[in-house]
Amino acid sequence: MIQKPRGTRDFLPEDMESRRNVEGTMREVARRWGYQEVCTPEFEDLDLFTMRSGDGIIEEMYIFEDKGGRKLALRPEITASIIRMYINEAKVTPKPIRWCYFADCFRYERPQKGRYRQFWQFGVELIGADTALGDAEVVMLADDMLNSTGVTYELKIGHLTFMKKLLKDVEPKIQRKVMGHLDKKDFDGLKTTIENIGNTDLYNSLIALVNCQDLKEAFEIAGPIPEKDRIEQTINLLNVSGIKYGFNFGIARGLDYYTGLVFESFAQNLGSENQILGGGAYRLAHLFGGDDIASCGFAIGFDRVMVSLGEIKRIKETVVGVVSTNEGRQRAIEVAREFRNAGIRTEMNIMDRGIGAQISHASKSADYVVVIGQREVESGNVTLKNLHTGKQKTVDLPEAIAEVGAYGAR
RNA sequence: GCCAGGGUGGGGUAGUUGGUUAUCCUAGGGGACUGUGGAUCCCUCGACCCGGGUUCAAAUCUCGGCCCUGGCCCCA
């Protein structure tokens, strides 16, 4: 028997129903903020991703060569594609550009809870708004979107300027190492690294910065910073917006193209893979041959949100089963069509079974059953049976449709 | 890439000091029931992850692989 590839999942109808619900909720929030959905290719030129993230990621990508000898990769993320698309198709679109996407990505990693080799991201990119209000909007939208799914999370906001300032005299290689320690809250490792370069003041400042929960204090720790006004504006806007967040000035988000604001969200009951959102302000376009335009965006780990939400109680829509005898078969098709035209989910019997067996089967999924036999064909009425009460009556078709329609969703 | 625990019909399981036809529940199909359901009864379908080794004999012991779950590493 053929197994599905490692790290992939099959989704049965119940799974898809809740996934589509949550996806729809996120899309609706994006729509209300004016973000329009876009779509990019499932695979791209390998260089697109290595230019953004370095050669190190080759190990963790699905890479292949096509028949023309092109080196391609299944996308491990969407942001690079979005920016490429902006450069290719939308450079002259009036700014700001508000885009969102829902798409699957592929990474060759060891699967574990909340981590799969094929996974979905819902993301948002705001392009061409290098303002405090733009940054704030993206954070507010992120919060609105997570909130609307019902997931329990905490939002952490940081800014790279503080750490960059403290580390400006440290050589880049050590910088990365230090940022790595801070991102992981690995203070022992941090201490060792700092001791090796012989700067204990720096250690104390960094620890103070990471633990800092007050913006004023962060400025005191880091000293004069040119971006001070912009940062204060952004944070003030967030405070006014009423969203709940905490500071974490230790967020490094790994890479160099982030320029300032960064933020992350974490959910409960997810084990070690508990980050459900990550984002920030960045400049990428110039890497791909475009103008040096500012962007801000985030991506939600959709599958992790689903895992965190767990079993969602679904609203079940009303279902009608249409059963019939041989004599009633043609009339049954007409009746089923009328129910469907009224917007009711209607499942017609298509098995070669007796009435009893047909009803027996319908009762597993349906709320009502409509019986069409010789008698109904002759009278033009239908027999409508409520499978919850067991009561049935013979009525004309409009009345039957009206009753089922009035039953509503449960 | 590393570590731990796992893998028996579609789902859930029993069996593992090697030994007859591999247990039970559930789900599926058919019937008792040719116009009335979930009950009951009967019939039926269907499994030892893969490969090598030990042995008269392997679901059981052993080795390797694959996959699952969780943790580490990584996390764009």
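Note that the structure is a prediction, hence the values are computed from the model and not measured. Letters A, B, ... are given to chains in the order of the sequence lines, protein chains preceding strands, and every chain is numbered from 1.
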Given atom CZ of A:F288 and atom C1' of B:A76, what is their separation to the nearest angstrom?
11 Å
Mind checking what makes salt bridge (Lys or Arg N to Asp or Glu O under 4.0 Å) contact with A:R70, not counting sequence neighbours?
A:D66
Mind checking the P distance from B:G31 to B:G70? Whole angstroms is fine.
43 Å
Residue set satisfying ring-ring contact (aromatic ring centres under 6.0 Å, His included) with A:Y116, at least two apart, ordered chain then number -> none
Can you list everything that forms a side-chain contact (heavy atoms from CB on, under 4.5 Å) with A:A73? Sequence neighbours excluded, please.
A:L46, A:F49, A:M61, A:I63
When the C1' atoms of B:C25 and B:G15 are considered, how many whole Å apart are they?
16 Å
Partners of A:R27 by salt bridge (Lys or Arg N to Asp or Glu O under 4.0 Å), sequence neighbours excluded?
A:E23, A:E37
Using a heavy-atom cut-off of under 4.0 Å over every strand shown, decide if A:E60 touches base, sugar-phosphate, or nothing.
base
Between the protein and nucleotides 41-45 of chain B, which nitrogen or oxygen pairs are less than 3.5 angstrom apart?
none

Sorted by chain and residue number, the side-chain contact (heavy atoms from CB on, under 4.5 Å) partners of A:T325 (sequence neighbours excluded) come out as A:E327, A:I355
Identity of whatever pairs with B:U20 - Watson-Crick or G-U, under 3.5 angstrom:
none
Taking OH in A:Y62 as the centre, count heavy atoms belonging to other residues, nucleotides or ligands within less than 6.0 Å. Is the count above 12?
yes
Please report, rounded to the nearest Å, how far the P atom of B:A76 is from the CG atom of A:L48.
17 Å
Using atom P of each nucleotide, how far apart are B:G18 and B:G9 to the nearest Å?
24 Å
I'd like a table of atom pairs between the protein and nucleotides 66-70 of chain B - only N or O on both sides, under 3.5 Å - with the distance next to each one.
| residue | atom | partner | partner atom | Å |
| --- | --- | --- | --- | --- |
| B:C68 | OP1 | A:G7 | N | 3.0 |
| B:C68 | OP2 | A:R6 | NH1 | 2.5 |
| B:U69 | O4 | A:R110 | NH2 | 3.1 |
| B:G70 | OP2 | A:K113 | N | 3.0 |
| B:G70 | O6 | A:R110 | NH2 | 2.7 |

Under the rule for ring-ring contact (aromatic ring centres under 6.0 Å, His included), what residues qualify as partners of A:Y203, not counting sequence neighbours?
none
I need the residues from residues 99-109 of chain A with at least one non-hydrogen atom less than 4.0 Å from RNA chain B; give them sorted by number, or say none.
A:R107, A:E109
Between A:D135 and A:A132, is there a donor-acceptor pair closer than 3.5 Å when you use the side chain of the first and the backbone of the second?
no
Taking atom P of B:C75 as reference, at what distance in whole Å does atom CD of A:E264 sit?
12 Å
Contacts table for residues 335-348 of chain A: side-chain donor-acceptor under 3.5 angstrom, sequence neighbours left out:
| residue | atom | partner | partner atom | Å |
| --- | --- | --- | --- | --- |
| A:R340 | NE | A:T346 | O | 3.4 |
| A:R340 | NH2 | A:T346 | O | 3.2 |
| A:R345 | NE | A:E347 | OE2 | 3.2 |
| A:R345 | NH1 | A:E317 | OE2 | 3.4 |
| A:R345 | NH2 | A:E347 | OE2 | 2.9 |
| A:T346 | OG1 | A:I344 | O | 2.9 |

B:G64: pairing nucleotide in any strand, Watson-Crick or G-U under 3.5 angstrom:
B:C50
Donor-acceptor check, side chain of A:R75 to backbone of A:D104, threshold 3.5 angstrom: yes or no?
yes
What integer distance in Å separates A:M179:CE from B:C74:P?
15 Å
Would you mind checking if A:R84 and A:D45 are paired as a salt bridge, meaning a charged N to carboxylate O distance below 4.0 Å?
no
C1' atom, B:C48 versus B:U16: distance in rounded Å?
11 Å
Those residues at least two apart in sequence (or on a different chain) that pass salt bridge (Lys or Arg N to Asp or Glu O under 4.0 Å) with A:E59 are none
Expected output: side-chain A:N274 to main-chain A:L270 donor-acceptor under 3.5 Å:
no
Should we say atom CD of A:Q374 is surrounded by more than 12 heavy atoms from elsewhere, each under 6.0 Å from it?
yes
Atom P, compared across B:U36 and B:U20: separation rounded to whole Å
49 Å
If we call it a pair only when both distances are under 3.5 Å in a Watson-Crick or G-U wobble match, what pairs with B:C2?
B:G71
Please give, in whole Å, the distance from B:C73 P to A:Q275 CD?
15 Å
Heavy-atom closest pair (A:S265 atom, A:Y153 atom, distance to 0.1 Å) is OG-CD1, 4.0 Å
Just how far, in rounded Å, is C1' of B:A76 from CE of A:M51?
15 Å
Under a 3.5 Å cut-off for both distances, is B:A58 Watson-Crick or wobble paired, and to whom?
none
What string of B, S and - do you get for nucleotides 31-39 of chain B, 5' to 3', when a contact is any protein heavy atom under 4.0 Å?
----BBBB-
Taking the P atom of each, how far is B:C49 from B:U55, in whole Å?
24 Å
Report yes if a donor N or O on one partner sits less than 3.5 Å from an acceptor N or O on the other, where the partners are the side chain of A:E273 and the base of B:C74; otherwise report no.
yes
B:U26 to B:U44 separation - C1' atoms, rounded to the nearest Å
16 Å
What residue among A:W120, A:F102, A:Y101 forms ring-ring contact (aromatic ring centres under 6.0 Å, His included) with A:F302?
A:F102
For A:H181 and B:C73, give me the distance from atom NE2 to atom C1', rounded to whole Å.
14 Å
Distance check needed: B:A76 P versus A:L287 CG, whole Å only.
16 Å
Atom P, compared across B:C68 and B:C75: separation rounded to whole Å:
23 Å
